[in-house]
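Worksheet for the structure shown next.
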Amino acid sequence: MRISELHIYQKDLPVIGGPYTMSRVTLHSVDTTIVKLVSDTGLVGWGETAPLGPVYQPQHALGARAAIAEMAPNLIGQSALTPLLLRRHMDGLLNGHNYAKAAIDVAVMDMMGKHYGRRVCDLLGGAECERLPAYYAIGLGSPDEVSRIAIDKVTQGYRRVQIKAGGRDVAIDIAVVKKVWEKIGGKAQLVVDTNRGMTASQAIRLSLACRDIPFVFEQPCNTMEEVASIRNQIAQPIVIDENTECLNDVLRAISMGVCDGFGLKMTRLGGINAMATVRDICAARSIPHTCEDCWGGDIVAAAVLHIAASVEPRLLEAVWTAGSYIEENYDPENGINVDGGYFDLPSGPGLGINPDESRIGDLSTSFA
Ligand code: 0XW
Ligand code: MG
């Protein structure tokens, strides 16, 4: 089975109840890129990448489409049954740009699953479970606003809540953390994510002001070196998110001993197969991590669930997808949604979703 067509689509995903605010970014809508591969046997494979605006990480939507278009003419005719070789072929066509290669990797895994009549998680070696714990992420807000949403989400069944901090007076962040913990403490795990938004001294101040609160501190500072500098001065465990852009970053973080866990973004790392490698590296060192992505619709979400299902349950912290913040599913029947704080793993072959083509945005470029 070979790739015979590659189509690139663009779609805006307005944020429900937006904007979604983080320390350095305010999002009203996210620009997502969808890839449709068609095989010489008539099968279709879907991929997607949605970098969360141009500031969240050093990747952006126009870059994704340009990188895919750069590789596309040389992807036509390639085998759709050898994802490892395809990845090496892509590396020979374009240096870096893992987030763009991820869309191709996901689409090929979808197509391969359909070809063999197997789910992507089964191609990865098997699913540990069919129901996966979700976490909910709340944007920046006042102590009252954030704690009200946190209580609501815990009542709905979420067992992990992430709140945002940074980019404002640390005293407000301290008040938010204390208020949220007062309301949900003991009922759910709390994560405080500054999205690179604090200086080392601000992060230490927040941590020590809340020294009795067992939250997880996510991406407290901008660089891995800054995070390393506070590692032994704070009271909480650290998770690295934005600083992991490739496998080497993950290895660097582990060898520097900079963190206790990772917030892993599937597309940023390069797709399902790159994420599977990171899964195994984490397992070798018993490092807990989430499985998630920056944003994206049902295609990214389904891919994240399949890889999450292959993670040892003792190391899978939780799963996050953007579904709760997006107006509609691409697949009205099998779309990915949270139910009572959990996701159900899709059951169909490949990714297990069938996007309605009227819902995937505008065709940007085609190759055949
Ligand atoms: C909670 N998220 C996964 C949503 C946005 O992509 C940012 C983010 C995070 O940084 O953890
Ligand atoms: Mg984060």
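Remember, it's 1-based here, ligands and their atoms both numbered in the order they're listed.
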Answer with yes or no whether the hydrophobic clustering places Val239 together with Phe215; edges join I, L, V, M, F, W, Y residues whose side-chain heavy atoms lie under 4.5 Å apart.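 No, Val239 does not connect to Phe215 through the hydrophobic network.
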Check step by step if side-chain contact (heavy atoms from CB on, under 4.5 Å) holds for Ile174 and Cys210. CA-CA 7 Å; Ile174 293 170; Cys210 304; 4.1 Å; yes
With atoms numbered from 1 as shown, which atoms in ligand 1 lie under 4.0 angstrom from a non-hydrogen atom of [X]?
{"X": "Met22", "value": "7 (C)"}
{"X": "Asp241", "value": "9 (C), 10 (O), 11 (O)"}
{"X": "Asp193", "value": "9 (C), 10 (O), 11 (O)"}
{"X": "Asp293", "value": "3 (C), 6 (O)"}
{"X": "Tyr20", "value": "1 (C), 4 (C)"}
{"X": "Leu52", "value": "5 (C), 6 (O), 7 (C)"}

Using a 4.0 Å heavy-atom cut-off, which part of Gln219 comes near ligand 1: side chain, backbone, both, or neither?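 Under 4.0 Å from ligand 1, Gln219 contributes no heavy atoms.
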Proximity of Asn195 to ligand 1 by residue part, where a heavy atom lies under 4.0 Å: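 Looking at Asn195 and ligand 1, just side chain atoms fall under 4.0 Å.
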Please say whether more than 12 non-hydrogen atoms of neighbouring residues, nucleotides or ligands are located less than 6.0 Å from CZ in Arg314.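 Enclosed: over 12 neighbouring heavy atoms sit under 6.0 Å from CZ of Arg314.
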Below 3.5 angstrom, do we get any N/O pair linking [X] and ligand 1?
{"X": "Ala137", "answer": "no"}
{"X": "Glu242", "answer": "no"}
{"X": "Tyr56", "answer": "yes"}

Could you tell me whether a side-chain N or O of Lys114 sits under 3.5 Å from a main-chain N or O of Leu351, the two making a donor and an acceptor?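 No: the side chain of Lys114 does not pair with the backbone of Leu351.
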NZ/NE/NH1/NH2 to OD/OE distance under 4.0 Å, Glu327 and Arg359: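 Salt bridge flag = no for Arg359 with Glu327.
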Under a 4.0 Å threshold between the charged nitrogen and the carboxylate oxygen, would Asp241 count as salt-bridged to Arg268?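 Between Asp241 and Arg268 there is a salt bridge, with a charged N closer than 4.0 Å to a carboxylate O.
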At a threshold of 2.8 Å, where the distance has to be below it, does the Mg ion (ligand 2) have an N, O or S atom of Asp193 nearby?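 Checking the Mg ion (ligand 2) against Asp193, an N, O or S atom does fall under 2.8 Å.
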Candidate with minimal heavy-atom separation from atom 2 (N) of ligand 1, of Tyr135, Trp295, Tyr325: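 Among Tyr135, Trp295, Tyr325, the closest heavy atom to atom 2 (N) of ligand 1 belongs to Tyr135.
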State whether a side-chain donor-acceptor pair under 3.5 Å links Asn195 with Ser23.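 No.
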Under a 3.5 Å cutoff, is there a donor and acceptor pairing between the side chains of Asp356 and Ser358?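 On atom types as modelled, these side chains qualify, holding a pair under 3.5 Å.
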Heavy-atom contact under 4.0 Å between Glu218 and ligand 1?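 Yes, Glu218 has heavy atoms under 4.0 Å from ligand 1.
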Please report which non-hydrogen protein atom sits nearest to [atom], along with the residue it belongs to and the distance in Å to one decimal place.
{"atom": "atom 6 (O) of ligand 1", "result": "Cys294 O, 2.5 Å"}
{"atom": "atom 8 (C) of ligand 1", "result": "Lys164 NZ, 3.6 Å"}
{"atom": "atom 3 (C) of ligand 1", "result": "Glu292 OE1, 3.1 Å"}

What verdict does the side-chain contact (heavy atoms from CB on, under 4.5 Å) test give for Trp295 and Ile326, after you've listed the backbone C-alpha separation in whole Å, the side-chain angles of each residue and the deciding distance to 0.1 Å? CA-CA 9 Å; Trp295 213 264; Ile326 292 175; 4.0 Å; yes
With a 4.5 Å heavy-atom cut-off, do Arg168 and Asp173 have their side chains touching?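 The answer is yes, as the side chains (C-beta and beyond) meet within the 4.5 Å cut-off.
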Apex the Mg ion (ligand 2) - arms OD2 from Asp241 and OE2 from Glu218 - angle rounded to 10°: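 It is 100°, given to the nearest 10°.
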Output, in order, the C-alpha distance, side-chain angles, deciding distance and verdict of side-chain contact (heavy atoms from CB on, under 4.5 Å) for Met275 and Cys291. CA-CA 9 Å; Met275 185 95 157; Cys291 283; 3.7 Å; yes
